[in-house]
Structures are given as structure tokens and as C-alpha cells.
S.K.: 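Mind looking over this structure? Questions follow.
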Amino acid sequence: MSYDYGEIVPYLLTWFDYNARILAWRDNPKPYYVWVSEIMLQQTRVEAVKGYFDRFIKALPNIQALAEVEEDKLLKLWEGLGYYNRARNLQKAAQIVVRDYAGELPGDYHMLLSLPGIGEYTAGAIASIAFQKPVPAIDGNVLRVMKRIAGSTDDITRLSVKKELWTDIERIIPKDRPGDFNQSLMELGAMVCVPNGKPDCEHCPVVHICKAFHEDTIALIPNKPAKKPRKKEERTILVLEYQDKYAIRRRKQNGLLAGLWEFPGVEMKLNLKELKRELTSQGILAAEIQPIGDAKHIFSHVEWHMTGYHIKMKELPNNSPYLDSVIWAGRNEILSDYSIPNAYETFRKNILFNEENLNIK
DNA sequence: AAGACGGGGAA
DNA sequence: TTCCCAGTCTT
């Protein structure tokens, strides 16, 4: 069912004028800045993005620089932000923009949509915010805010629900300030009509037309089915040290944490005795084996339960599965050159603080 | 239509 | 713990 949102636009714009947060990409909405920020903001909170955005723009100030940067440097700039394919797709798109659009990001919704990493939401956001095109930009905030105003308990994971909201917004989006209107809905969702906990309805500019408020159904909206439980995976992480260097290897180019660096290990939990037997059978002569604790890392769809060992080696064996394709890197190199995901942070810290104290991050 | 894909903040 | 975030891509 489509819904008539009436005179919602001026209330939102006025509220936005007085309450919009000051953000670097909002302060200077160059297409490149809006683009980079929107990619970083996918499934990621504003607070988490701020620092990454500033550092990224400083390192790669324009599309040309992004198109040409080495992948390891790109991933290092993205380290800890998650969803690493966003970084790779961003660069792929930059290369297309350089090749096909003379280095200028196009402002047309469908051209944007054709670029890697830019879906319906992001295409709408860039087109409206950076190019003043009257196109909707529907993210989780917009869905939540609009469905609460309409008092609708529709399952928002259904495609038809988002499509219908798209046409409802197309009808009311102001031609003179489409980007501000889209942002006002998202800002309201982030600051007032929040997803977890009680929304701050006393300070909502559209509370007088909000059906969920008047019908007391805010807790029921947005309506979405429960998620499935995560899988659990056991792992043993080996911090192998040889002559003040540490073994790291590159993960494969697809799947989880694709292309990032990690410590070698096995996909099962080994106790000290099992580990010793394993190392012996692999011809690894260990001078010293030190358990360095357990760690758990929760991804959206899987949990890693890890146990770590610090292993000082006497010599390098000729061939061993654990050392196949590893490189040996010093502490400072690991810190500055190799993107290691946060899942390994417990064990990376063990290296970084192994000797004298070092100032990290 | 469902699953893969990170990490962290808040309740 | 659970939820979910300025979502997109693959299967």
C-alpha cells in the first residue's frame, strides 16, 4: 500500500537546517568525497567512518590517485573498517571512471548504478547529494523512519516494500533540495528515530504526523524476521618467530577477509601436546612454545574461537604446510605495510608488545 | 529470495 | 548476549 506523507518535506528540511551534524564530506560535498563517504558508510556508523575518511582522502586526494594506488596500500587504509570488497570495488570503479568518464564521476543515477560497489541506495545518495538529482536514497534509516510515520508493520525485508517506498518518496522529494531531504531522513533516523532503544520523539519534527507514535506501535516498527544463528569455527593461530621476524601469509582472493594478511594456523583447536606433535611432524624445530591465550571474534555470519601460540623457531624447514607461501616480516613492517583484520588483533598485539613498548594506532 | 561479507556501539 | 548500522554482490 502506498502512503501519502503529506507536508512532511518542509518540517524535515527546517529540522535538518538546524540539526545536521558537521561532517567533512557534508561540509565539502565534492562528488569524490560524497562517493568515498557513502561507500564507507555502508553498514557502518558515522563515528566509525570519520577517521578513516580523513586519512583516506589525505592519502588518495582524487579519483586518479585512487585508480592508481597499489592494492596493499588501499587495503591498509581500509584495515579495521570491514567489508573489504568495498575498497576493491571502489578502486575498480575509479579505474572505470578514469577510462570511460575522463576521470569525472558521472551524476546520472543509472550510470552510477552501473559502477562496482554502487547499488540503489548509494547511486541515489550520490546523485542527490553531490549532483542535486531528485532521486530517492533508501537505507535502513529511511525505511525505519518512513514506516514508523506511516504506522506500517510491513516486513521491510520484502523487495516490494522498498519499491513502494521508492515511488512514495519520488512523489514528494523536493526538486530544489533533494540531497538535503534524503539526508534529513537519514539524520533523523540516526539521531532521533533510532533503531535500538527508545526514540527521542519529544525532539522529532514530524511527531505530529507520526502514526506509530500516536498508535504506540514504535517498538513494532520496523518489522523484520529474526536472523539465523551464526556458525562457530575453531582455529589455532600460530605466531611463528624466526630471527626477529614473523610469518604472515595472504588470504585467498575470495571469501571472508579476502586478500588480507593473517598469521598461519589450522582450522581446529590444538592443545599444547597436539601442537607439539603437529610441529614435529612438519619438521618445525621449536626452541620455545608459549600459549598466548584465547580469543573470540564475531563476524556477522560466523564466529571464530581461536587459541594462539607464540613459537620461536631454531631453523627453517625446507617445506611445511604452515610455512608454504608465508613471508617473514618484522614488527614495524607488519604495523605499517600489511593489512591484518581485527580478528587477529589479540595475537598481533602479542607481537607488537613483545619487546619494548611501541605506540600503535 | 537467501546467504556472504566486518566491526563496533548500545541496550 | 542481541541488534543493527548512510548495503552490495553472488548464488
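The chains referred to below are lettered A, B, ... by the order of the sequence lines, with proteins before strands, and numbering in each begins at 1.
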S.K.: Any N/O pairs under 3.5 Å between the protein and nucleotides 9-11 of chain B? List them or say none.
M.R.:
none

S.K.: State whether the number of non-hydrogen atoms from other residues, nucleotides or ligands found under 6.0 Å of Glu104(A) atom CD is greater than 12.
M.R.: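 Incorrect, the count does not exceed 12.
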S.K.: Which part of the nucleic acid, if any, lies within contact of Ser37(A), taking any heavy atom under 4.0 Å across all strands shown: a base, the sugar-phosphate backbone alone, or nothing?
M.R.: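 Answer is nothing: Ser37(A) stays at 4.0 Å or more from every strand.
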S.K.: May I ask you to test the Val36(A)-Leu60(A) pair for a side-chain heavy-atom distance under 4.5 Å?
M.R.: no
S.K.: Of the non-hydrogen atoms in Ala295(A) and Phe347(A), which two are nearest, and what is the gap between them?
M.R.: CB-CZ, 3.9 Å
S.K.: Given the rule that a pair is Watson-Crick or G-U wobble with both distances under 3.5 Å, how would you write DNA chain B in dot-bracket, using | for pairs to a different strand?
M.R.: |||||.|||||
S.K.: Could you list all N or O pairs between the protein and nucleotides 2-6 of chain B that sit under 3.5 Å apart?
M.R.:
{"unit_1": "dG3(B)", "atom_1": "OP1", "unit_2": "Lys228(A)", "atom_2": "NZ", "d": "2.6"}
{"unit_1": "dC5(B)", "atom_1": "OP1", "unit_2": "Leu256(A)", "atom_2": "N", "d": "2.9"}
{"unit_1": "dC5(B)", "atom_1": "OP2", "unit_2": "His301(A)", "atom_2": "NE2", "d": "2.8"}
{"unit_1": "dC5(B)", "atom_1": "N3", "unit_2": "Tyr83(A)", "atom_2": "OH", "d": "3.4"}
{"unit_1": "dG6(B)", "atom_1": "OP1", "unit_2": "Tyr83(A)", "atom_2": "N", "d": "3.2"}
{"unit_1": "dG6(B)", "atom_1": "OP1", "unit_2": "Tyr84(A)", "atom_2": "N", "d": "2.9"}
{"unit_1": "dG6(B)", "atom_1": "OP2", "unit_2": "Leu257(A)", "atom_2": "N", "d": "2.5"}
{"unit_1": "dG6(B)", "atom_1": "O4'", "unit_2": "Tyr83(A)", "atom_2": "N", "d": "3.0"}
{"unit_1": "dG6(B)", "atom_1": "N7", "unit_2": "Tyr83(A)", "atom_2": "OH", "d": "3.3"}
{"unit_1": "dG6(B)", "atom_1": "N7", "unit_2": "Ser300(A)", "atom_2": "OG", "d": "3.3"}
{"unit_1": "dG6(B)", "atom_1": "O6", "unit_2": "Tyr83(A)", "atom_2": "OH", "d": "2.9"}
{"unit_1": "dG6(B)", "atom_1": "N1", "unit_2": "Gln43(A)", "atom_2": "O", "d": "3.0"}
{"unit_1": "dG6(B)", "atom_1": "N2", "unit_2": "Gln43(A)", "atom_2": "O", "d": "3.1"}
{"unit_1": "dG6(B)", "atom_1": "N2", "unit_2": "Thr44(A)", "atom_2": "OG1", "d": "2.8"}

S.K.: Go through DNA chain C in 5' to 3' direction and return only the first and the last nucleotide with some atom under 4.0 Å of chain A's heavy atoms.
M.R.: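 With heavy atoms of chain A under 4.0 Å away, the range is dT1(C) to dC9(C).
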S.K.: Considering only residues two or more places apart or on different chains, which pairs with a residue in residues 186-200 of chain A satisfy side-chain hydrogen bond (donor to acceptor under 3.5 Å, both in side chains)?
M.R.: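 Counting only pairs at least two positions apart or across chains, the side-chain hydrogen bond (donor to acceptor under 3.5 Å, both in side chains) contacts touching residues 186-200 of chain A are Arg21(A)-Glu187(A), Arg26(A)-Glu187(A), Asp200(A)-His203(A).
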S.K.: Can you tell me how far P in dA6(C) sits from the matching atom in dG3(B), rounded to whole Å?
M.R.: 24 Å
S.K.: Between Lys76(A) and Glu79(A), is there a salt bridge with N-O shorter than 4.0 Å?
M.R.: yes
S.K.: Describe the nucleic acid contact of Arg88(A) in one word from base, sugar-phosphate, nothing, applying a heavy-atom distance below 4.0 Å.
M.R.: nothing
S.K.: Are the side chains of Pro317(A) and Leu285(A) in contact, using a 4.5 Å heavy-atom criterion?
M.R.: no
S.K.: With a sphere of 6.0 Å drawn around NZ of Lys276(A), does it hold more than 12 non-hydrogen atoms of other residues, nucleotides or ligands?
M.R.: no
S.K.: If you take all heavy atoms of Ile63(A) and Gly103(A), which pair is closest and at what distance?
M.R.: CD1-O, 3.6 Å
S.K.: Which residue in the set Tyr344(A), Trp261(A), Phe263(A) passes ring pair (Phe, Tyr, Trp, His ring centres under 6.0 Å) when paired with Tyr338(A)?
M.R.: Trp261(A)
S.K.: Quick one: list whatever passes side chain to side chain contact (heavy atoms under 4.5 Å, CB included) with Gln253(A), sequence neighbours left out.
M.R.: Glu71(A), Arg88(A), Arg250(A)
S.K.: Could you give the distance separating dT10(C) and dG6(B) at their P atoms, to the nearest angstrom?
M.R.: 14 Å
S.K.: Reckon Leu23(A) touches a base, only the sugar-phosphate, or nothing at all at heavy-atom distances under 4.0 Å?
M.R.: base
S.K.: Let me know the distance between NZ of Lys50(A) and P of dG8(B), rounded to the nearest Å.
M.R.: 17 Å
S.K.: Between Pro116(A) and Ala190(A), which residue's closest nucleotide on DNA chain C lies nearer the 5′ terminus?
M.R.: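 By nearest-heavy-atom nucleotide position, the 5'-most residue is Ala190(A).
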S.K.: If I take atom OH from residue Tyr242(A) and atom CD1 from residue Ile284(A), how far apart are they, to the nearest 0.5 angstrom?
M.R.: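 Going from the OH atom of Tyr242(A) to the CD1 atom of Ile284(A) covers 12.5 Å.
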S.K.: Is the ring centre of Trp328(A) less than 6.0 Å from the ring centre of Tyr246(A)?
M.R.: no
S.K.: Please state how far atom NZ in Lys227(A) lies from atom P in dA1(B), giving the value in whole angstrom units.
M.R.: 18 Å
S.K.: Should the pair Lys30(A) and Tyr33(A) be classed as cation-pi, given the thresholds of under 6.0 Å to the six-membered ring centre and 45° from the axis?
M.R.: yes
